[in-house]
Amino acid sequence: MEGVVDYTMRDLLTQVGGIDQCVTEFVRVSDRVLPAKVFRRLCPELLNGGKTPAGTPVVLQLLGSDPSVLAGNARKAAKLGAPGIDLNFGCPAKTVNKSKGGAVLLDTPELIHEIVKAVRLAVPREVPVTAKMRLGNKDKGLALENAAAIADANANGLAVHARTKLEGYKPPAHWEWIGRIREAVDIPVVANGEVWNWDDYQRCIEVSGCVDVMIGRGLIARPDLAKAIKHHQLNETFSSYNWDRVLKLVELYLNRVEQDIAAKYVHGRLKQWLNHLQREYQEAGILFQKIRKLKEPSSLRLALYD
Ligand SMILES: Cc1cc2nc3c(=O)[nH]c(=O)nc-3n(C[C@H](O)[C@H](O)[C@H](O)COP(=O)(O)O)c2cc1C
């Protein structure tokens, strides 16, 4: 998740546990192959065998619209050690869509096919190439066609965020559409959208028929969600993280991002996480209000335990 699930967040969340695989924030490519330092900045895990310190593989996501440029970047990322390449056909951001990247590509299944085919051919066979799509740009009319375009180009898997770009992030996610796509293609399909707890997870796999689920905001709102799901699957009891435990993660995060990014961005990152956390933890909302006008990292840290 761009601007949210950075290296530090992936590290913290995978240390909490229950996560089988992560995907980087999208790496935007336009007209050239990016230097190695860009890939390593957005995916420092490349220097650790493509895994987080906890050992969870991190697939590198590319966003763009030019098949040969994407292919060149995918080849480079694979060479640098990415354990998988994912292609973004779902981003709704205006700036991205204006340069023909992300969800607008869902209007042109032929181009999507060309992109996946070029990337698949450019990357060694043992490195999986996957795609992430929404159900469409404005409507769902081309959902099956886009999924077929991806599968026919020999992608190794497809994650489906069960909404169109127009539907944004407005509930519900149409999991039944993921089921339709899963039945229509012969590659593994991963279900995505609106999984916030164990009940959602169960209903999502029931409706979509998928074995694997990708969780975005749910994990940022509740860092122990994947771990809780794993425990539920094994019929083990699990006591959810209380706020004190989550606050320790927030503090760790603050200490780490302070070292990773310019001081002026630290406040924004912290606010963004607290904003997600307040869905599950009332205390996060209170803290959010407390730090809203603070800027200095040192005052932010003091506010955590104020
Ligand atoms: C702030 C934000 C940033 C996101 N960045 C990305 C991204 O870089 N790549 C991607 O494939 N999806 C991205 N997404 C979409 C999520 O991966 C996911 O598909 C969407 O939030 C629905 O799943 P959820 O209900 O579990 O959050 C982003 C979503 C949000 C809210």
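Basis for what follows: all heavy atoms, side chains included, without hydrogens, waters or symmetry-related copies. Counting starts at 1 for both ligands and their atoms, following the listed order.
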How far is [atom] from the closest protein heavy atom, and which atom is that?
atom                    : answer
atom 9 (N) of ligand 1  : Gln61 OE1, 2.7 Å
atom 5 (N) of ligand 1  : Glu2 N, 2.7 Å
atom 26 (O) of ligand 1 : Gly216 N, 2.8 Å
atom 31 (C) of ligand 1 : Met1 CE, 3.8 Å
atom 1 (C) of ligand 1  : Val4 CG2, 3.7 Å

*Is there a heavy atom of Tyr169 sitting under 4.0 angstrom from any atom of ligand 1?*
yes

*Does even one non-hydrogen atom of Gly90 get within less than 4.0 Å of ligand 1?*
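So Gly90 does not count as touching ligand 1.
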
_For Thr8 and Asp11: C-alpha separation, side-chain torsions, deciding distance, then whether side-chain contact (heavy atoms from CB on, under 4.5 Å) applies._
CA-CA 5 Å; Thr8 305; Asp11 181 9; 5.5 Å; no

_Sub-4.0 Å atoms of ligand 1 with respect to non-hydrogen atoms of Gly193_ =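 Here the atoms of ligand 1 in question are 23 (O), 25 (O).
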
*Can you list the ligand 1 atoms lying under 4.0 Å from a non-hydrogen atom of Asn88?*
9 (N), 10 (C), 11 (O)

*Spatial distance of atom CG (Asp260) from atom CG (Asp6) [nearest 0.5 Å]*: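 So the CG of Asp260 and the CG of Asp6 are separated by 7.0 Å.
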
_Quick check: Arg217 and ligand 1, any N/O pair under 3.5 Å apart?_
yes

*Could you tell me whether Phe26 and ligand 1 have an N or O pair separated by under 3.5 Å?*
yes

*Under 6.0 Å from the six-membered ring centre of Trp175 and within 45° of its axis: does the NZ or CZ of Arg203 meet both?*
no

*Check the pair Tyr305 / Glu251 against side-chain hydrogen bond (donor to acceptor under 3.5 Å, both in side chains), numbers first and verdict last.*
CA-CA 9 Å; Tyr305 292 103; Glu251 187 185 10; 2.8 Å; yes

_On a heavy-atom basis, which atom in Ala162 and which in Leu135 lie closest, and how many Å separate them?_
C-CD1, 3.4 Å

*Do Val185 and Val213 sit in the same hydrophobic cluster, where Ile, Leu, Val, Met, Phe, Trp and Tyr count as joined when their side-chain heavy atoms come under 4.5 Å apart?*
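Val185 and Val213: one cluster.
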
*Out of Leu219, Asn192, Val160, whose heavy atom is nearest to atom 23 (O) of ligand 1?*
Asn192

*Check each of Gln272, His161, Arg163, Glu194 against atom 20 (C) of ligand 1 and report the one with the nearest heavy atom.*
His161

*Would you tell me whether Tyr7 and Glu25 have side-chain atoms, one donor and one acceptor, within less than 3.5 Å of each other?*
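Checked: Tyr7/Glu25 side chains show no N/O donor-acceptor pair below 3.5 Å.
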
_Quiz question: by atom type and distance under 3.5 Å, do the side chains of Arg120 and Asn156 form a donor-acceptor pair?_
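Result is yes, a qualifying pair exists.
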
_Under 3.5 Å: donor-acceptor pair, side chain of Asn97, backbone of Gly101_ =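 Side chain of Asn97 to backbone of Gly101, a donor-acceptor pair under 3.5 Å: yes, one is there.
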
*Check Lys132 against ligand 1 and report side chain, backbone, both or neither, counting heavy atoms closer than 4.0 Å.*
side chain

